[in-house]
Amino acid sequence: VLGLATWSNFGAFLAVNNFVSEYFFDRFGLSISVAGAVSSSFSLSTIVARPIGGILSDKVGRRFGLVGRLRLVLALALIEGTLIIVFSFMESLPSAVATMILF
């Protein structure tokens, strides 16, 4: 189950990563090079997010076992889903970038 969740999470990351620069180009009128630079912040945020997620998962796993890890994955998936929906409604570039990085 955790493997499936990881696979789907990474799939969502790849899907968003593939369209986000075009989204910034179309939605906010950025040049394609600036849109690409802004969207790279999404990829760069994973440098920090993945190790933090691993540490959090290890701590939850030690304390609550596999059930705790599953609950953590479910909670984080719900948060991510909510953030991507919020992202789609952002009207300003700074709030869109901040929401995307949190996603």
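Side chains are part of it too, since the values below use all heavy atoms of this structure and drop only hydrogens, waters and symmetry mates.
Using a 4.0 Å cut-off between a side-chain N of Lys or Arg and a carboxylate O of Asp or Glu, D58 and R69 qualify as a salt bridge. E22 and R27 are not joined by a salt bridge, as no carboxylate oxygen comes within less than 4.0 angstrom of a charged side-chain nitrogen.
The shortest heavy-atom contact between S39 and S21 is OG-CB, 3.4 Å. Here the closest non-hydrogen pair linking M100 and F24 is SD-CE1, 3.7 Å. Taking each heavy atom of T99 and L83 in turn, the nearest pair found is CG2-O, 3.4 Å.
Of the residues listed (L70, L78, L72), the one engaging L74 in a side chain to side chain contact (heavy atoms under 4.5 Å, CB included) is L78, and it is the only one. Of the candidates L30, V20, V34, I32, F25 forms a side chain to side chain contact (heavy atoms under 4.5 Å, CB included) with just one, namely I32.
With sequence neighbours left out, F19 forms a ring pair (Phe, Tyr, Trp, His ring centres under 6.0 Å) with no residue at all. With sequence neighbours left out, the side chain to side chain donor-acceptor pair (under 3.5 Å) criterion links R71 to no other residue. S88 is linked by a side chain to side chain donor-acceptor pair (under 3.5 Å) to nothing, counting only residues two or more places apart in sequence or in another chain.
The aromatic rings of Y23 and F87 sit tilted relative to each other, their planes meeting at an angle between 30° and 60°.
A side-chain donor-acceptor contact under 3.5 Å links S40 to the backbone of A37.
In this structure, the side chains of E80 and I84 stay at 4.5 Å or more apart for every pair of heavy atoms.
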